[in-house]
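In this text, all values refer to a predicted model and were calculated from it rather than measured experimentally. Note on naming: letters A, B, ... go to the chains in the order of the sequence lines (proteins, then strands), and numbering restarts at 1 for each one.
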2 protein chains.
Amino acid sequence: MADKKGPAARAPGKKPRPANAGRERQATRQARARAETDGRVPQTQKAYEAIKLRILNNVLPPGSQALEQELAAALGMSRTPVREAMMRLASEGLVAVRPRHGMRVLPISVADMAEIYEILTELEATAARAIAARGPTPAEIKGLEDAVAEMDKALCGDDLAAWAAADERFHKLLAAYAGNKRLQAIVDTFFDQTHRARMLTLKLRPRPTRSNDDHRALVAAIRSRDPGAAHRIHHEHRVRNGRMLVELLGRLGLNQL
Amino acid sequence: MADKKGPAARAPGKKPRPANAGRERQATRQARARAETDGRVPQTQKAYEAIKLRILNNVLPPGSQALEQELAAALGMSRTPVREAMMRLASEGLVAVRPRHGMRVLPISVADMAEIYEILTELEATAARAIAARGPTPAEIKGLEDAVAEMDKALCGDDLAAWAAADERFHKLLAAYAGNKRLQAIVDTFFDQTHRARMLTLKLRPRPTRSNDDHRALVAAIRSRDPGAAHRIHHEHRVRNGRMLVELLGRLGLNQL
DNA sequence: TGTCGGAATTACGTATACATTATTGCACGC
DNA sequence: GCGTGCAATAATGTATACGTAATTCCGACA
């Protein structure tokens, strides 16, 4: 790589800054204090969150396209942060960016759902096993139990949206408690990716009574520190649910959503 | 064009472009032809590849820092594409970007290795099971066998670097053949993340004879379409190797590399 | 002597400008 | 009539400009 720039283009390895590493003086103090109170949020993140929210809530439905400039104008910022947000969303699989066509919100196909469920099945079951193996804290038990209780309550009241929210909370807690940040990140990302599909099928699928039971059983297994049972219960839960969903979508002829 | 959108900033949902969706005329022909021959690579990708290569090969060792401007100067481009590349590398876990300190190449700790191996163990074993379940094609069998043969050859010749390359090829093929793009992407990303550590421990660990045997056995299980065996063999292989590595690093006191 | 406060500088986040390249509309030939 | 080539236009990729926030440097003070 003959990058010209004449004299001694210094190798990026040799840090040219005056040797002051590891030296953060107290000027940071006020800065830190400010950062805590100051709710300042970078434009890039605002763009990311705004666009993601619109996608998850179907304001930007799958298949819809948008140009950088349109989004920038709509969000009242320049193209730069929008562009960065789009790249991030693309890496998360929510949108695709085709060079001159703007971003396109990606529809989820049945095949996509199958891929995602295959991964979630394994990773969540692994998480369940890990929690049971190390022994859960009381707070964790409570977190999971509360989520299940909320699922029960929602189901009694026939509030499917609330049930879905609680179910999502349960799954995300499970991933969080496993203590594997990377696993958690993957699970969270894929959950977002399937959000739309879950919301849609919510009213088309049979009442998810079984899910509540499964989760209750899982909590019991975790509480009694039985890694094998925890893994098995949740793995089966996920496989069963995945199959049901794929079969349901296939039956309804919905393979783009 | 007074695009300051004073009145009625149009909602991003209503695509304002003239209704010409699904209309790509033959003008694309020459463009496509050009794109194939033209080796034109966007700066952003050049930056990404260049920086990633330097990280994987320890030219930018873990812990080293670099500013956007430095990298831009070194690569002969502006800050913009460098910045985009950095964001991508950060999302892949290779670097961290602290607001005023530039990017820092992330060291891999023993805990990180444990996290990554936990995930790879599950996902690769799942891949193995999936391939066995659907029945491998002859080409796939050949691909895997060739990789194993190369591992054997390298081990005979005591060429550890070649062994590592072949081993990596085997694992990546496994992930690729599973037919789950997302799974493949995750495995590839984490492989890159542990590249440095594997290269380092290569000479410190016992000769990896066992790995070759494990992989041979896995190919046999896949060939005979035994999903259970395929999963078990590879899962055990990964668990064993992961434990060995973590124990080795712990014993040597290397927990940042 | 060591710590503090403030000015200068720096690095970044964002906006804007510019060049390139792809797509569209249209005139033209078969 | 339909497909083709060319000019116009638009959208992107990249570079540059600019304001802000943070860090460093430096002099004063306890």
Side-chain angles (χ1 to χ4, degrees), chain A residues 5 15-48 65-73 75-88 90 95-104, chain B residues 1-4 15-48 65-73 75-88 90 96-104:
Chain A
K5 63 185 181 338
K15 302 182 280 300
R17 268 171 303 172
N20 44 11
R23 192 167 162 216
E24 276 179 28
R25 284 239 288 258
Q26 77 295 341
T28 338
R29 195 169 30 106
Q30 61 178 354
R32 204 178 311 267
R34 168 106 50 91
E36 284 168 38
T37 58
D38 193 349
R40 188 177 147 50
V41 172
Q43 298 282 72
T44 294
Q45 185 165 340
K46 268 203 285 190
Y48 169 78
Q65 301 193 171
L67 299 172
E68 290 182 2
Q69 328 195 36
E70 290 174 12
L71 291 170
L75 298 174
M77 58 183 74
S78 82
R79 277 174 51 216
T80 310
V82 171
R83 184 179 168 76
E84 291 176 352
M86 272 171 41
M87 293 180 61
R88 187 161 160 209
V95 310
V97 180
R98 269 195 318 168
R100 301 277 159 183
H101 298 265
M103 72 161 225
R104 190 170 57 94
Chain B
M1 190 210 305
D3 63 350
K4 39 174 54 80
K15 299 181 282 302
R17 270 171 302 172
N20 44 11
R23 192 168 162 215
E24 280 180 26
R25 284 239 288 257
Q26 74 296 342
T28 338
R29 193 171 31 105
Q30 59 178 355
R32 202 178 312 266
R34 169 106 50 92
E36 285 170 36
T37 58
D38 194 348
R40 189 176 144 49
V41 172
Q43 299 283 69
T44 293
Q45 185 164 340
K46 269 203 285 190
Y48 169 77
Q65 302 194 174
L67 300 172
E68 289 182 2
Q69 330 195 33
E70 290 173 12
L71 291 169
L75 298 173
M77 59 183 72
S78 81
R79 277 174 48 215
T80 309
V82 170
R83 183 179 167 78
E84 290 176 353
M86 273 172 40
M87 294 181 60
R88 187 161 159 208
V97 181
R98 268 197 316 169
R100 302 278 159 182
H101 298 266
M103 70 162 223
R104 191 170 57 93

Task: Non-hydrogen side-chain atoms of B:M103 and B:L67 separated by less than 4.5 Å - done: no

Open item on the list: The side chain of B:Q69 is closest to which nucleotide in this list: D:dT14, C:dA11, D:dA21?
Closed with: C:dA11

Task: B:Q43 side chain near B:K46 side chain, heavy-atom distance below 4.5 Å - done: yes

Task: Comparing A:R79 and A:Q45 on DNA chain C - which has the more 5′ nearest nucleotide - done: A:Q45

- [ ] Please report, rounded to the nearest Å, how far the P atom of D:dT14 is from the NZ atom of B:K46.
- [x] 9 Å

Task: Candidate nucleotides C:dT21, C:dC12, C:dT14, ranked by approach to the side chain of B:L67 - the nearest - done: C:dC12

Task: A:T44 side chain near C:dG13 phosphate (N/O to OP1/OP2, under 4.0 Å) - done: no

TODO: Mind calculating the distance between CZ (A:R83) and C1' (C:dG13) to the nearest angstrom?
DONE: 16 Å

Task: d(NE2, A:H101; P, D:dA11) in whole Å - done: 11 Å

Task: Atom pair distance, as rounded to whole Å: CD in A:Q43 and P in D:dG19 - done: 16 Å

Open item on the list: Taking the minimum atom-to-atom distance to the side chain of A:T80, which one of D:dA15, D:dT12, C:dA15 wins?
Closed with: C:dA15

Open item on the list: How many whole angstroms separate atom CE of A:M77 from atom C1' of C:dT16?
Closed with: 16 Å

TODO: Please name the pair of heavy atoms, one in A:E68 and one in A:V82, separated by the smallest distance, quoted to 0.1 Å.
DONE: O-CG1, 3.9 Å

Task: Nearest atoms (heavy-atom pairs only) where B:Q65 meets B:R98 - done: OE1-NH2, 4.2 Å

TODO: Could you tell me whether the side chain of A:R100 has a donor or acceptor atom within less than 3.5 Å of a complementary atom in the base of C:dA22?
DONE: no

TODO: Give the rounded distance in Å between these two atoms: CD of A:E68 and C1' of C:dT16.
DONE: 14 Å

Task: Comparing A:M103 and B:P81 on DNA chain D - which has the more 5′ nearest nucleotide - done: A:M103

TODO: Find the distance A:R88:CZ to C:dG13:P and express it as a whole number of Å.
DONE: 13 Å

TODO: May I have the distance from B:M86 (atom CE) to C:dA11 (atom P), rounded to whole angstrom?
DONE: 13 Å

- [ ] Evaluate the side-chain proximity of A:Q69 to A:R79: yes if any heavy-atom separation is below 4.5 Å, no if none is.
- [x] yes

